[in-house]
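These figures come from a predicted structure and were not determined experimentally. Excluded from the calculations below are hydrogen atoms, water molecules and symmetry mates; all remaining heavy atoms, backbone and side chain alike, are included. In the text below, chain A, chain B and the rest are named by the order of the sequence lines, each starting its count at 1.
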There are 2 protein chains.
Amino acid sequence: MSIEHTILAVLSFWPSTGYNIKSEFEHKAAGLYWGMSYGSIYPKLKKLEKEGFIYAIEQEDEGRKKKKYELTAKGWKEFENWLKTPPPFPVIKDELLMKMSTWHEDMDNDVLISHLFKRKEEATDILKFVQEWPRNGYSFVSRLGCLSIRYAEMKLETEIKWIEESIEVLQNNNLPVGQDPHGNTEKLLNRRRMAIGGEKGNFQ
Amino acid sequence: MSIEHTILAVLSFWPSTGYNIKSEFEHKAAGLYWGMSYGSIYPKLKKLEKEGFIYAIEQEDEGRKKKKYELTAKGWKEFENWLKTPPPFPVIKDELLMKMSTWHEDMDNDVLISHLFKRKEEATDILKFVQEWPRNGYSFVSRLGCLSIRYAEMKLETEIKWIEESIEVLQNNNLPVGQDPHGNTEKLLNRRRMAIGGEKGNFQ
DNA sequence: TTAGTCATGTAACGCGTTACATGATTAG
DNA sequence: CTAATCATGTAACGCGTTACATGACTAA
């Protein structure tokens with residue numbers, strides 16, 4: 001998904017400056033929006049203006065000079081056509097999952113458990129924020145925005161539940177059986193021990 | 001997360017060729033792994049070899065010449081140190097959520113509903129695959145891999161449940177109330193109508 | 001007065017993809 | 001024989017970030 005359309009989407013709420021757009025993303029990182037840097041924002045704003053999707057309103061607002069951008073008719077069209085195009089299935093790149101599924105039996109499970117505890121804390125923090133968001137009294141949350149937030153909530157609750165289950169299973173040594181028709185678990189450990197064998201003493 | 005570590009992780013399972021690594025990701029895109037292109041893989045393999053993390057075994061296997069790569073002691077170390085470093089909280093960029101929360105009341109809800117139906121189908125397909133994976137009889141799924149897969153399952157089930165709820169709410173015009181202390185919903189519609197006002201006739 | 005935040009911008013760089021180039025083997 | 005799959009690679013490009021540069025206003 002392009003930064004350009006994200007910017008148009010933010011501007012659809014209200015006219016904003018580049019600085020504004022960045023801060024808009026700072027706290028709403030709950031999976032509904034995602035951050036971008038000034039190095040992307042300002043050049044894109046210029047580009048979008050040059051192409052006629054937005055226009056600048058130079059202001060001397062509150063003693064500070066700023067450049068607020070607003071959508072043009074062309075900008076609204078582009079934004080709404082983007083809304084209408086079916087969104088692609090999201091690619092999730094979760095290092096925790098990757099690490100968990102490539103963790104092996106010569107590794108200390110306690111380290112993995114500490115990863116899970118850390119993730120639980122992070123998820124809990126975001127969940128709290130997400131739950132308060134539509135009731136904090138000042139943020140604008142549209143009726144459909146509410147539905148999106150509901151999704152973030154459900155997903156985080158599921159994640160926390162999974163983490164708790166996983167920690168329990170790991171601590172009680174109660175792991176599921178898996179599937180290993182070619183004895184790969186053992187092969188892996190043998191290959192590893194073979195590789196590091198010569199330096200058994202100093203292998204951390 | 002770097003491609004390098006992902007490659008080391010794949011090689012930890014079994015020695016593989018560049019082609020192998022790519023195909024490994026083709027079907028396991030369930031959120032546990034993610035794809036990469038030959039344009040990344042081959043140069044990275046060379047780099048990793050040069051740096052002593054992996055070494056090549058040139059083979060004339062099954063009538064085909066291939067270059068299988070295997071981890072060195074240094075490679076195992078690097079891989080395991082990576083496993084031990086706490087994974088960052090994943091950034092989820094879901095265009096569907098972004099579109100839903102910036103959808104506005106002058107847009108046709110049926111289009112949004114069609115997006116949701118499409119997503120439901122995709123999620124259902126992946127869920128089916130994920131559920132069969134640890135029981136298909138041939139894939140290697142470690143005991144911890146099983147836990148990761150369980151997460152993918154739970155997440156997809158939650159997603160599907162949310163989609164079903166959302167479709168229902170949209171079809172019965174039963175949306176939640178939201179939060180709009182500054183009358184932004186109306187302001188937005190006014191700004192939009194103002195912007196496109198001059199060309200009401202031909203605005204698609 | 002000084003640290004923080006509001007505010008705008010650019011240049012260099014990193015990272016990964018797309019597209020291209022090549023060729024052998026195998027299944028229909 | 002021909003399309004698909006196995007197999008390896010490179011060059012150009014797109015996209016976005018990091019780091020840097022600048023400056024004004026504001027609250028402690």
Trainee: With 3.5 Å as the limit, what N/O pairs link the protein to nucleotides 17-19 of chain D?
Mentor:
from	atom 1	to	atom 2	distance (Å)
dT17(D)	OP2	Ser37(A)	N	3.3
dT17(D)	OP2	Ser37(A)	OG	2.9
dT17(D)	OP2	Ser40(A)	OG	2.5

Trainee: For Glu164(A), what residues pass the salt bridge (Lys or Arg N to Asp or Glu O under 4.0 Å) criterion, not counting sequence neighbours?
Mentor: Lys120(A)
Trainee: Could you list all the salt bridge (Lys or Arg N to Asp or Glu O under 4.0 Å) pairs where at least one residue sits in residues 144-154 of chain B, not counting sequence neighbours?
Mentor: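 As it turns out, the salt bridge (Lys or Arg N to Asp or Glu O under 4.0 Å) pairs with a partner in residues 144-154 of chain B, which skip direct neighbours, are Arg150(B)-Glu153(B).
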Trainee: Please give me every residue in residues 43-54 of chain B whose heavy atoms get under 4.0 Å of an atom in DNA chain C, ordered by residue number.
Mentor: Lys44(B)
Trainee: Quick one: ring-ring contact (aromatic ring centres under 6.0 Å, His included) partners of Trp162(B), sequence neighbours excluded?
Mentor: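 With sequence neighbours excluded, Trp162(B) shows a ring-ring contact (aromatic ring centres under 6.0 Å, His included) to Tyr151(A), given in chain and number order.
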Trainee: Could you tell me how far apart Tyr19(A) (OH) and dT5(C) (P) are, to the nearest whole angstrom?
Mentor: 8 Å
Trainee: Got a sec, which residues hit side chain to side chain donor-acceptor pair (under 3.5 Å) with Thr124(B), two or more places apart in sequence or on another chain?
Mentor: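 Partners of Thr124(B) by the side chain to side chain donor-acceptor pair (under 3.5 Å) criterion come out as none, since no residue qualifies.
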Trainee: Residues in side chain to side chain donor-acceptor pair (under 3.5 Å) with Arg191(A), at least two apart?
Mentor: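 In terms of side chain to side chain donor-acceptor pair (under 3.5 Å), with neighbours along the sequence ignored, Arg191(A) is linked to Glu70(B).
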Trainee: So Phe129(B) and Trp133(B), would you call those rings parallel, tilted or perpendicular, with 30° and 60° as cut-offs?
Mentor: parallel
Trainee: Considering just the side-chain nitrogens and oxygens of Lys22(B), establish if one lies under 4.0 Å of OP1 or OP2 belonging to dT8(D).
Mentor: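 No, because none of the side-chain N or O atoms of Lys22(B) sits under 4.0 Å from OP1 or OP2 of dT8(D).
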Trainee: Going by side chain to side chain donor-acceptor pair (under 3.5 Å), name the residues that satisfy it together with Thr158(A), two or more places apart in sequence or in a different chain.
Mentor: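 If we apply the side chain to side chain donor-acceptor pair (under 3.5 Å) test to Thr158(A), skipping adjacent residues, the hits are Thr158(B).
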Trainee: Could you tabulate the donor-acceptor pairs under 3.5 Å formed by side-chain atoms of residues 39-47 of chain A, not counting sequence neighbours?
Mentor:
from	atom 1	to	atom 2	distance (Å)
Tyr42(A)	OH	Tyr19(A)	N	3.2
Lys44(A)	NZ	Glu4(A)	OE1	3.0
Lys47(A)	NZ	Glu4(A)	OE2	2.6

Trainee: What bend angle does the helix from dT1(C)-dA28(D) to dG28(C)-dC1(D) show across its length, from five-pair end axes and to the nearest 10 degrees?
Mentor: 30°
Trainee: Which residues pass the side chain to side chain donor-acceptor pair (under 3.5 Å) test with Thr102(B), not counting sequence neighbours?
Mentor: none
Trainee: With Gln171(B), which residues qualify under side-chain contact (heavy atoms from CB on, under 4.5 Å), at least two apart?
Mentor: Ile113(B), Phe117(B), Ile167(B)
Trainee: Would you tell me if any nitrogen or oxygen in the side chain of Thr17(B) comes within less than 4.0 Å of OP1 or OP2 on dT8(D)?
Mentor: yes
